[in-house]
Amino acid sequence: MNNIKLFNGEEIPLEMHKVKIVQKLELKPINKRLKAIQEAGNNTFLLKNRDVFLDMLTDSGVNAMSNKQQSAMLNADDCYAGGESFFRLEIELQKVFKKKFFVPAHQGRACEHLLSRIFVKKGNIIPMNYHFTTTKAHIRLQGGDILEIPIDEAFNLNSECLFKGNIDVTKLKTAFKQHKDKIPFVRLEAGTNLMGGQPISLQNIQEIHSICKQNNVPLVFDASLLQDNLFFIKTREESCKHKSILEICNEIASNTDIIYFSARKLGSARGGGICLNDEKTFEKLRELVPLFEGFLTYGGMSDKEMEATAVGIRETMDFDMISQGPQFIKFMIDELNKAGVPVVTPAGGLGGHLNAKVFLQHVKPEHFQAASLASALYIISGIRGMERGTMAEERNPDGTENISAIELVRLAVPRRVFTMSQLKFVVDRVVWLHKNKDLIGGLKWKEEPKILRFFFGKLEPISDWQTGLVEKFKQDFTDSL
Ligand code: F0G
């Protein structure tokens with residue numbers, strides 16, 4: 001669905017669904033929020049969800065399901081082996097991805113684990129548009145490494161480029177010249193997560209696939225964020241304007257060899273899996289599934305999850321359904337942009353991204369600009385975003401901080417979950433925070449775990465800036481909400 005024009009000239013995205021089940025939310029007053037974030041060590045991962053008003057941490061496993069998904073769950077054929085739920089999911093996947101074999105797995109990273117195990121050997125290099133954290137970890141665990149070769153525009157946070165997720169074709173050709181025998185596959189990620197949900201074009205997929213064919217290596221496609229990417233291809237790529245979503249999806253499928261996905265995102269359910277045609281690869285994967293995931297006809301998913309995913313995948317072929325996420329995100333980003341808040345543009349899928357390096361220029365990078373901004377935003381609004389910056393990096397081998405070139409706060413917009421007034425609330429509070437940005441200070445480590453520090457690490461303010469921020473908020477919002 002495209003935006004609808006109101007009589008007053010305003011254009012807004014209009015929800016093509018109605019709400020049938022709701023969950024009560026609470027907006028706790030600012031004093032309680034301050035206490036909660038202090039107890040969480042200024043790490044939004046450590047907040048209790050009961051203290052959060054709008055949870056914009058991720059879109060993973062928190063998209064709203066449709067009534068048809070819910071009802072399909074009652075049809076689950078619960079059993080250990082050979083259940084109908086598996087075959088129903090397999091059929092839906094064959095319709096969209098056109099692959100003969102389906103290997104189920106409990107979620108996206110499990111697919112990455114299985115694929116890395118069978119493809120990646122010590123010294124291998126995997127070219128890709130950009131990594132996702134779990135992808136990189138699994139490839140490295142097998143002794144391989146990643147080679148990120150997106151187009152240069154990908155690193156321009158404010159760009160006009162409509163497909164910032166594209167791979168640079170020349171760089172891929174050079175990679176094959178330089179590392180010919182070390183490349184077991186090329187990986188393309190739809191709706192490139194760590195670049196701010198930026199899409200790839202169908203044309204780029206076709207070009208990359210033909211280079212892979214020339215070099216005789218498979219093209220592995222991470223379809224976790226395909227839903228938003230399909231919307232962008234349909235609305236931004238001239239040659240696809242008149243194609244149906246299913247047609248676009250089928251074309252993507254015929255230009256990729258292996259497709260894997262997290263059903264926590266694609267299909268608005270839980271689970272994941274790998275779709276492919278090559279029988280030998282399928283046989284190798286099949287050996288690993290019972291070891292790491294579960295029997296071949298559930299792979300760690302419950303039958304209910306498989307039913308919900310099957311319907312979710314079918315519903316993803318509906319343009320109205322896939323429009324909602326990107327349109328809501330664009331609305332939020334446009335409003336923030338108009339108000340002068342530094343955001344990543346053009347708006348992508350998954351969520352909106354605040355540019356903390358520009359937002360908090362006065363905070364030193366070693367004092368965690370994105371983490372400080374995420375903490376401040378929670379304090380003044382109850383909105384939980386995610387730090388995507390230095391805290392998410394690992395230290396350099398010599399022990400020094402690895403200061404990230406990009407400091408973002410991700411505000412995920414789970415699909416069909418938030419209302420327009422909630423989105424307006426987000427915009428309002430971010431704009432207020434931007435006007436009062438000088439009150440925000442930095443953070444320093446209090447407890448720093450050795451691995452995955454962004455999940456469990458705790459930080460503390462370098463000065464008493466949080467109290468000052470709270471006082472100013474109470475002056476402007478006397479109800480403390
Ligand atoms: N690939 C992409 C592009 C992802 O965004 C994710 C997860 C995965 C793979 C792994 O899938 O979580 O089912 O194991 N992204 C989540 C996020 C965690 O918050 O962005 P998973």
Side-chain angles (χ1 to χ4, degrees), residues 43-45 47 49 55-63 103-116 126 128-141 146 148 150 154 164-165 167 185 187-200 220-230 232 252 256 258-275 292-293 299-302 305-306 308-309 312-313 325 329 344 348-353 370 374 384-389 391-392 408-415 417 452 454-455:
N43 181 348
T44 54
F45 274 103
L47 283 168
N49 207 28
D55 189 8
M56 304 182 89
L57 188 74
T58 177
D59 62 332
S60 171
V62 286
N63 295 307
V103 179
H106 77 273
Q107 62 184 89
R109 66 199 69 185
C111 305
E112 292 169 341
H113 171 224
L114 301 179
L115 289 170
S116 299
I126 289 79
M128 57 183 68
N129 46 351
Y130 211 63
H131 77 280
F132 183 69
T133 45
T134 51
T135 330
K136 180 158 92 177
H138 279 298
I139 289 171
R140 290 208 170 147
L141 209 61
I146 59 164
E148 290 168 332
K164 283 205 265 181
I167 279 192
F185 64 86
R187 175 178 174 273
L188 252 185
E189 182 182 312
T192 332
N193 189 330
L194 297 188
M195 274 178 187
Q198 296 293 327
I200 45 183
V220 174
F221 188 74
D222 180 346
S224 305
L225 289 165
L226 178 62
Q227 168 169 342
D228 306 326
N229 206 134
L230 284 166
F232 290 123
I252 293 176
T256 50
I258 298 177
I259 301 178
Y260 76 89
F261 63 95
S262 165
R264 300 177 64 83
K265 292 174 188 266
L266 183 69
S268 297
R270 310 280 188 280
I274 308 170
C275 303
F292 295 106
E293 301 301 313
M301 287 182 274
S302 72
E305 286 168 338
M306 289 193 282
T309 304
I313 298 276
I329 293 163
V344 176
L350 194 170
H353 293 74
R384 160 153 72 167
M386 186 191 284
E387 193 265 7
R388 287 279 176 205
M391 200 181 163
L408 303 177
V409 172
R410 175 174 98 177
L411 298 177
V413 182
R415 297 158 191 94
V417 169
L452 296 176
F454 65 97
F455 277 139

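Position 1 is the first residue of the sequence, and the numbers go up from there. Worth knowing before you read on, the calculation uses all heavy atoms, side chains too, and leaves out hydrogens, waters and symmetry mates. Note that ligands are numbered from 1 as they come in the structure, with each ligand's atoms numbered from 1 the same way.
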Between Val409 and Gly385, what is the shortest heavy-atom contact and its length? CG1-CA, 4.4 Å

Thr256 (side chain) donor-acceptor with Ile252 (main chain) under 3.5 angstrom: yes

Just jot down the salt bridge (charged side-chain N to carboxylate O under 4.0 Å, His left out) partners of Asp59, sequence neighbours excluded, or say none. Lys265, Arg415

Just distances here: any N/O of Thr58 and N/O of ligand 1 closer than 3.5 Å? yes

Just jot down the ligand 1 atoms closer than 4.0 angstrom to any heavy atom of Thr134, in number order. 10 (C)

Write out the residue and atom name of the closest protein heavy atom to atom 13 (O) of ligand 1, then the distance separating them to 0.1 Å. Ser262 OG, 2.6 Å

If you measure every N or O of Arg264 against every N or O of ligand 1, does any of those distances drop under 3.5 Å? no

With a 4.0 Å heavy-atom cut-off (strictly under), which part of His131 contacts ligand 1: side chain, backbone, both or neither? neither

Atom 21 (P) of ligand 1 sits nearest the protein heavy atom Gln107 NE2, 3.3 Å

Give yes if a backbone or side-chain nitrogen or oxygen of Gly108 is under 3.5 Å from a nitrogen or oxygen of ligand 1, and no if not. yes

Counting from 1, what ligand 1 atoms have a heavy atom of Arg109 closer than 4.0 Å? 10 (C), 11 (O), 12 (O), 14 (O), 18 (C), 21 (P)

Just jot down the salt bridge (charged side-chain N to carboxylate O under 4.0 Å, His left out) partners of Arg187, sequence neighbours excluded, or say none. Glu189, Asp222

Non-hydrogen atoms of Pro150 and Asn129 that approach each other most closely: CD-O, 3.2 Å

Kindly say whether His106 contributes a backbone atom to a donor-acceptor pair with the side chain of Glu293 at under 3.5 angstrom? yes

Under 4.0 Å from any heavy atom of Arg410, which atoms of ligand 1 are there? 17 (C), 19 (O), 20 (O)

Test item: Val344 and Lys164 side chains (from C-beta on) under 4.5 Å apart, heavy atoms: yes

With heavy atoms of Glu112 as the reference, note each atom of ligand 1 found under 4.0 Å away. 1 (N), 9 (C)

Tell me the nearest of Asp222, Asn193, Leu266 to atom 2 (C) of ligand 1, using heavy-atom distances. Asp222

Would you say Arg187 has any N or O atom under 3.5 Å from an N or O of ligand 1, going by distance alone? no

Tell me, do Arg388 and Leu194 make a side-chain contact under 4.5 Å, heavy atoms counted? yes

For Thr192 and Gln198, what are the C-alpha separation, side-chain angles and deciding distance, and is it a side-chain hydrogen bond (donor to acceptor under 3.5 Å, both in side chains)? CA-CA 5 Å; Thr192 332; Gln198 296 293 327; over 6 Å; no

Does at least one non-hydrogen atom of His106 fall below 4.0 angstrom from an atom of ligand 1? no

Are Met56 and Arg384 packed together at the side-chain level, in the sense that at least one heavy-atom pair is separated by less than 4.5 angstrom? no

Using distance alone, determine whether Lys265 and ligand 1 share an N or O pair under 3.5 Å. yes

Examine Arg388 against ligand 1 and note whether any of their N/O atoms are separated by less than 3.5 Å. no

Atom 6 (C) of ligand 1 has as its nearest protein heavy atom Phe132 CE2, 3.3 Å

